[in-house]
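First comes the structure, then the notes that go with it.
Convention: sequence-line order gives letters A, B, ...; per-chain numbering from 1.
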There are 2 protein chains.
Amino acid sequence: MARRSDHTRDELHALILGAAGVIVEREGAAALTIRRIADAIGYSSGTLYNLFKDIDDIVVHLNAATLDELHGALTAVPPGREGEATILSLAGCYLRFARNRPHAWRMLFQNLPSGRSRPVWYYRRMDRLFVPVEDALRPMLADGRAAERRRSARVLWAGIHGICSLASDEAVLGWGDVDAMAESLIRNYVAGLRDKRRVSRRNQRLIAGKGKKVRAGRGNAPLESQGK
Amino acid sequence: MARRSDHTRDELHALILGAAGVIVEREGAAALTIRRIADAIGYSSGTLYNLFKDIDDIVVHLNAATLDELHGALTAVPPGREGEATILSLAGCYLRFARNRPHAWRMLFQNLPSGRSRPVWYYRRMDRLFVPVEDALRPMLADGRAAERRRSARVLWAGIHGICSLASDEAVLGWGDVDAMAESLIRNYVAGLRDKRRVSRRNQRLIAGKGKKVRAGRGNAPLESQGK
DNA sequence: AATATTAATTGATCATCGATCAATTAAGCC
DNA sequence: GGCTTAATTGATCGATGATCAATTAATATT
């Protein structure tokens, strides 16, 4: 047949993503195949290529929906006047999401074949996730230090993500520890942020005192010092 | 033919892993197939199944070799009497490794099909990576607080890993920022670690002051407070 | 109402994948 | 030299992503 009036193009689009989402939710990304989606919605496999370029395209759209959900959950946490508490809530939100929807969450970060890259709008959606953290940092890092705030938000978010990532890789870390770890990360990092000046000075002294005389001023990058 | 005297069993084992390593290094994990390895070493595909259970088994052994290399690089950084500087060096080492060997590094963390899990000895090799960080934390966290030191090492390592992970996912973060981000993470987290007591007390006051009276004492877990 | 136009849908088909296993063949032993 | 053992082969299977000529239904035109 052709142009069955069963569904409009948009309905079909949603139908495919819906069925794909169910498969991923239940069995993980590895179970997601063109034929299984087609069977689930009662169309044949070729039809899917009318609406999506290839299977990676489907995955990208699924991930976009997941990112939207996650973003919605993050923006739903009450901002609160105190920054640290807000960040703790945001982290808890992120961890809960990853734990409740492990398959969808892991698919977000599964590496694609070398060479391929995701569309731009996809990365914009990932960037959006930093915003709530950035806002929560405003009490600690004033408006004058926007660049620093931007970086700190990304450091915190990446840190939470790293903890989550190792925890979801069952047995590297157990899920039992992640809450305490995330709390440790946030509490100590934010505390460090608060006495930025004193810390910088102390580190200068300590590093300079270790071996050769090296002035470790702002912008100095000891991480690159032993480049290979 | 059979039992060609070309190579012993061990040689063949190494030959397979060597060829597989070259393929991954050059083209990434997606290019690694049984047939390509077999062609590369001049054997037929069936032979590989004599030495490895399946292709995941080959990947696991490749990853083990990568972990050994990484561990070797980490233990090669001079310990140094000062903890923070050592941790900065360790992080630099980790970031450099991930940047220089992106394919091998990313394969370490690629999620396996739902249900499957890696052998125990594999996770032991991952645990080993925490040890140098734990040792470097000894100056800040005395012997009495071993559990705290253990957790902090994992927090730091997971944080660095998270930064690295988002950076390798090209375009979420650029590689240009990671050094500064890692430095920010370590400097601030360690600083927070240093005035643990004062920080805890301050947070108690702030959280208690926000809305309902909640005593946020030690062991309180605000991350789980709004469980779903 | 009949026909032509357009486009959605199909499913056979292709190359490739991981994995299996009967058949083959070489090495070691008596 | 014949026998045993085990390593090696490659055809084969089921399943994958993707393609495309053929089919068919909805719409426009006459």
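- Distance B:Glu11 CD to D:dA7 P: 15 Å, rounded to the nearest Å.
- Taking atom NE2 of residue B:His7 and atom C1' of nucleotide C:dA26, one finds them 16 Å apart after rounding to whole Å.
- Taking atom CG of A:Asp6 as the reference point, atom P of D:dT24 lies 16 Å away to the nearest angstrom.
- Counting non-hydrogen atoms under 4.0 angstrom, B:Leu51 reaches nothing in the nucleic acid.
- No side-chain heavy atom of B:Cys164 sits under 4.5 Å from any side-chain heavy atom of B:Val178.
- Looking only at side-chain heavy atoms (C-beta outward), B:Arg138 and B:Arg149 come within less than 4.5 Å of each other.
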Identify the pairs formed between an N or O of the protein and an N or O of nucleotides 18-20 of chain C at a distance under 3.5 Å, and give each distance.
{"from": "C:dG18", "atom 1": "OP2", "to": "B:Ile34", "atom 2": "N", "distance (Å)": "3.1"}
{"from": "C:dG18", "atom 1": "N7", "to": "B:Arg35", "atom 2": "NH1", "distance (Å)": "2.8"}
{"from": "C:dG18", "atom 1": "O6", "to": "B:Arg35", "atom 2": "NH2", "distance (Å)": "2.9"}
{"from": "C:dA19", "atom 1": "OP2", "to": "B:Tyr49", "atom 2": "OH", "distance (Å)": "3.1"}
{"from": "C:dA19", "atom 1": "OP2", "to": "B:Ile55", "atom 2": "N", "distance (Å)": "2.9"}
{"from": "C:dA19", "atom 1": "N6", "to": "B:Arg35", "atom 2": "NH2", "distance (Å)": "3.4"}

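- Rounding to whole angstrom units, CG of residue B:Leu15 and P of D:dA7 are separated by 17 Å.
- Contact check, B:Ser44 against D:dT9: a side-chain N or O comes under 4.0 Å of OP1 or OP2.
- Residue A:Phe52 contributes atom CZ, which lies 19 Å from atom C1' of D:dT19 at whole-angstrom precision.
- Rounding to whole angstrom units, CG of residue A:Leu12 and C1' of C:dA8 are separated by 10 Å.
- In this structure A:His61 satisfies the side chain to side chain contact (heavy atoms under 4.5 Å, CB included) test together with A:His13, A:Leu17, A:Phe52, A:Asp57, A:Trp121, sequence neighbours excluded.
- Heavy atoms of A:Ile37 sit nowhere under 4.0 angstrom from any nucleic acid atom.
- Side chains of A:Leu51 and A:Ile58 form no contact here, defined as non-hydrogen atoms less than 4.5 Å apart.
- Taking a 6.0 Å sphere around CZ of B:Arg150, one finds it holds 12 or fewer heavy atoms contributed by other residues, nucleotides or ligands.
- Partner of A:Glu134 under the salt bridge (charged side-chain N to carboxylate O under 4.0 Å, His left out) criterion, out of A:Arg151, A:Arg154, A:Arg128: A:Arg154 alone.
- Rounded to an integer number of Å, the gap from B:Tyr43 OH to D:dA7 P is 12 Å.
- When all heavy atoms of A:Ser184 and B:Tyr189 are compared, the closest pair comes out as OG-OH, 2.6 Å.
- B:Arg36 has its CZ atom 19 Å from the P atom of C:dA15, to the nearest Å.
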